[in-house]
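Working notes, structure below.
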Amino acid sequence: MNSSPHRFQFEILSRDPESHARCGRLWTAHGPVDTPVFMPVGTQATVKAMTPAELQEAGVAMILGNTYHLHVRPGAETVEHCGGLHGFMGWSGPILTDSGGFQVFSLARLRKIRDEGVEFNSHVDGRRLFIGPREAMDIQSRLGADVAMAFDECPPYPCDYEYACNAVRRTLQWSAVCAKAPRPAAQALFGIVQGGRYADLRRQCAAGLVEQGFDGYAIGGVSVGEPQEVLLEAVAATSACLPPERPRYLMGVGMMGQILAAIEQGVDMFDCVMPTRLARHGSAFTGRGHYAVRNAVWRSDRRPLEEGCGCYACRNFSRAYIRHLLNVGEILGVRLLTIHNLFCYMEFMRAARAAVAEGRFRQFKAEFDRRLAEAGTVY
RNA sequence: GUGGGUAUAGCUCAGUUGGUUAGAGCGUCAGAUUGUGGAUCUGAAUGUCGCGGGUUCGAGUCCCGUUACCCACC
């Protein structure tokens, strides 16, 4: 299978007999990645508060970078000059870069959508910028990501049928341009399925992208404020239309329960700000949800953040100490919490992969849902 | 000992010539957070207004006494 190690490949290792869940391996220019995988978000060429060594110790295999943010600051030329994203940030593992479509629609103001791309004002200093499919591919080539994403239009929620239909049309046009654009030989390219909550648009968009031919396919346009039910329906409707031999990537998701529901539908890749952002906001994840570390009940608690956890923070520090650091605004508090949350997510994914490989995924998911349902205040 | 000042939520303090159910910030508690703005938002709980008496239709507010603390003086 691994005849040409510098070329992106996806290999399916095992399938769950009772669902669409599967275990696989992505072969990238910077090494293999076991799936289902969770990729922490490193928007601005850093997973906030973490060194690459700390990411590795937490079990992180692959991370995200962001075209939009790195284009605004410091610029793709600078990153390219400093060794590409890998050299620039000192991370030698695989990197996936988001195309910037999402940020153009979530951050930029006064944007103007044309068929060639999107003109918008920088959220940092207001200057006029433009990103279209060619620009997105050029930036991602310079960044040197292992996996690049096609430029897409991410509509808001809710959005009516006509709006979603237009977003699909434009996404397909832009994806076609991306597919033909020059890029490094070792760089994979994924297309992004849009279509809002309309199953027929999802099917149509997926079919169009498959015809164009991509290394993998992403489910986009979710985690934009829709109810969980709508999210899961979109995942089910889209995943079923995607070629089983290619990796499926659910963008921006999410909570552990949502991840399991998506794995069940055959999704292989995930990313979300949840573990890192909630860490900075003072929440610790556990196998049954998350809790506020700053709460006064933990003032004198000598237990680790999560009993039985093997992360650096839990092996060395008490809940009371980390709470203290957070309360006085010390940087270390956020760092330790981020280390723990990432470790927690990585362990969760490891357990999910094992469950799929051993053919007991449904049971694993049922146990998780039950634990979550009965979670009280005891962690 | 004398004179002056202060006392209101866990903390720091507002509180109008006496007038509805005494407020704010912080803290506490709960929630939100999804292809990252270390951001932000929402909601809740908490009062013997130091204590005792008086004046008044009505006192956190005015008067008397008292206690604690602070400052100055002796």
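Since this is a predicted model, take the numbers as computed values, not measurements. All chains are named by letter (A, B, ...) in the order of the sequence lines, taking the proteins before the strands, and each is independently numbered beginning at 1. Side-chain atoms are counted along with the backbone in the values below, which use heavy atoms only and exclude waters and symmetry mates.
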Next on the checklist: Within the 4.0 Å heavy-atom criterion, would you say A/Q44 contacts the bases, only the backbone, or no part of the nucleic acid?
Outcome noted: nothing
Next on the checklist: Whether the side chain of A/D152 and the base of B/G35 hold a donor-acceptor pair under 3.5 Å is what I'd like checked.
Outcome noted: yes
Item to check | Working for side chain to side chain contact (heavy atoms under 4.5 Å, CB included), residues A/V60 and A/M346 | outcome: CA-CA 7 Å; A/V60 172; A/M346 293 305 129; 4.1 Å; yes
Checklist outcome for this item: A/M274 CE to B/G31 C1', in whole Å, measures 14 Å
Checklist entry - Contact class for A/G221 (heavy atom, under 4.0 Å): base, sugar-phosphate, or nothing? => result base
Next on the checklist: Can you measure A/I219 atom CD1 to B/U34 atom P for me and round it to whole angstrom units?
Outcome noted: 19 Å
Next on the checklist: What's A/L278 touching, base or sugar-phosphate or nothing? Going by heavy atoms closer than 4.0 Å.
Outcome noted: base
Next on the checklist: We want to know whether A/D271 and A/Y249 form a side-chain donor-acceptor pair, criterion being a heavy-atom distance below 3.5 angstrom.
Outcome noted: yes
Checklist entry - How about A/Q140 and A/Q187: does a side-chain donor come under 3.5 Å of a side-chain acceptor? => result no
Checklist entry - Between B/G37 and A/H69, is there an OP1 or OP2 to side-chain N/O distance shorter than 4.0 Å? => result yes
Next on the checklist: Rounded to whole Å, how long is the line connecting atom CD1 of A/I331 with atom P of B/G38?
Outcome noted: 14 Å
Checklist entry - Any chance the side chains of A/D138 and A/S141 put a donor and an acceptor closer than 3.5 Å? => result no
N/O to N/O distances under 3.5 Å, protein versus nucleotides 39-41 of chain B:
residue : atom : partner : partner atom : Å
B/A39   : N7   : A/H281  : NE2          : 2.7
B/A39   : N6   : A/H281  : ND1          : 3.2

Item to check | Contact check, side chains of A/T171 and A/F151, non-hydrogen atoms, under 4.5 Å | outcome: no
Checklist entry - Do A/F361 and A/H20 have their ring centres less than 6.0 Å from each other? => result no
